[in-house]
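Counting starts at 1 for both ligands and their atoms, following the listed order.
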Amino acid sequence: MENTKEMKIAVYPGSFDPVTKGHLDILERASSMFDKVIIAVLKNNSKKSYMPTSDRVELIRKSIEEMETLKNVEVGSFEGLTIDYARKTGAKFLIRGLRAVSDFEYEMQLSQTNQAIAPEIGTVFLITKPKYNFISSGIVKELSSLGQDVSKFVPKSVVEYLQKHKQNV
Ligand code: ADP
């Protein structure tokens, strides 16, 4: 589909510090629902990040290359409001993943704030598979810094990155 006005485009925003198999599962399902999905790393958010934005983007890019199914996915990064980035890219949808009830309250508040300021953009929530329920970027970093193998939780490129940068976690 050439005309971006007619394409159903979604932005999947997050810190991805680093990207996990939970994130990639949500991404894979989103990519089957939309013509194009842009997974976008938020720069300089209130959370202090472990990895520079460029490394987070690069690891997502490598992980996507390892997966055959993600041909309609692009990787980006942005500063500021997610809805401004969505408008710039022509996206009418945001994707967010839900793991547990504890995610729900914050995600609802975020989504309703976005609805109030950008009513033309909707949020689609996808529920994680039970096997990825407990995975978070924070837990992965902690396990890796304590010498635990995290290859069950993150793609190969992230395992290699964490091994190389172990002392900085
Ligand atoms: P943020 O700082 O925006 O929460 P994250 O990188 O932690 O960024 O998460 C991005 C999105 O992915 C959020 O919607 C989050 O709920 C979702 N997510 C994180 N981990 C998982 C997982 N294991 N399974 C499904 N969704 C997840």
Side-chain angles (χ1 to χ4, degrees), residues 9-34 37-64 66-67 69-70 73-86 89 91-115 117-118 121-145 148-159 161-162 169:
I9 304 171
V11 167
Y12 178 27
S15 310
F16 306 111
D17 188 36
V19 67
T20 69
K21 289 188 178 176
H23 293 132
L24 293 173
D25 171 53
I26 298 288
L27 182 65
E28 196 167 25
R29 282 189 283 146
S31 90
S32 70
M33 296 164 63
F34 294 92
V37 177
I38 305 166
I39 176 167
V41 174
L42 175 57
K43 296 182 204 173
N44 304 335
N45 60 356
S46 49
K47 283 190 195 172
K48 198 175 160 291
S49 67
Y50 151 66
M51 295 176 178
T53 308
S54 54
D55 289 1
R56 289 184 266 158
V57 167
E58 193 47 36
L59 287 174
I60 295 173
R61 214 184 289 282
K62 281 190 187 155
S63 315
I64 288 174
E66 288 164 19
M67 297 168 80
T69 48
L70 301 179
V73 172
E74 286 176 14
V75 191
S77 61
F78 68 102
E79 269 173 294
L81 290 175
T82 308
I83 49 144
D84 286 339
Y85 182 73
T89 55
K92 291 276 183 286
F93 303 92
L94 303 178
I95 306 290
R96 296 289 287 175
L98 291 177
R99 283 164 292 190
V101 179
S102 50
D103 281 340
F104 182 78
E105 207 168 328
Y106 170 71
E107 292 293 341
M108 188 173 79
Q109 193 181 24
L110 196 64
S111 164
Q112 288 175 336
T113 306
N114 286 334
Q115 260 173 42
I117 51 183
I121 296 171
T123 306
V124 174
F125 292 103
L126 294 174
I127 301 212
T128 186
K129 286 189 184 137
K131 66 174 175 177
Y132 298 132
N133 222 21
F134 60 91
I135 304 178
S136 70
S137 302
I139 283 187
V140 164
K141 283 179 281 193
E142 193 165 342
L143 288 175
S144 174
S145 73
Q148 176 65 43
D149 171 26
V150 289
S151 50
K152 269 193 206 153
F153 314 134
V154 291
K156 209 171 82 210
S157 45
V158 174
V159 174
Y161 183 100
L162 289 171
V169 179

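At least one heavy atom of Y12 sits less than 4.0 Å from an atom of ligand 1. Ligand 1 does not have K21 within reach: every non-hydrogen atom of the residue lies 4.0 Å or more from it.
Checked for salt-bridge contact, D25 and K21 miss the test: no charged N lies under 4.0 Å from a carboxylate O.
Listed by number with element, the atoms of ligand 1 under 4.0 Å from a non-hydrogen atom of G22 are 22 (C), 23 (N), 24 (N), 25 (C). Distances below 4.0 Å separate heavy atoms of T128 from the following atoms of ligand 1: 24 (N), 25 (C). Counting the atoms of ligand 1 from 1 in the order shown, those under 4.0 Å from a heavy atom of F16 are 6 (O). For ligand 1, the atoms sitting less than 4.0 Å from at least one non-hydrogen atom of S15 are 1 (P), 2 (O), 3 (O), 5 (P), 6 (O), 8 (O), numbered in the order shown with element in parentheses. Below 4.0 Å from some heavy atom of I135 lie the following atoms of ligand 1, by number and element: 20 (N), 22 (C), 23 (N).
The distance criterion of under 3.5 Å between nitrogen or oxygen atoms is not met by G14 with respect to ligand 1.
The two atoms that bring P18 and M51 nearest to each other are CB-CE, 3.3 Å, heavy atoms only.
Formation of a donor-acceptor pair under 3.5 Å by the R56 side chain with backbone atoms of K43 is not found in this model.
The heavy atom nearest to atom 26 (N) of ligand 1, considering only L27, I26, V140, is found in I26. The heavy atom nearest to atom 27 (C) of ligand 1, out of those in R99, R96, R29, K129, is found in R99.
Residues V124 and F34 meet the side-chain proximity criterion, which asks for heavy atoms closer than 4.5 Å.
Environment of CZ in F134: crowded, with over 12 heavy atoms of neighbouring residues, nucleotides or ligands closer than 6.0 Å.
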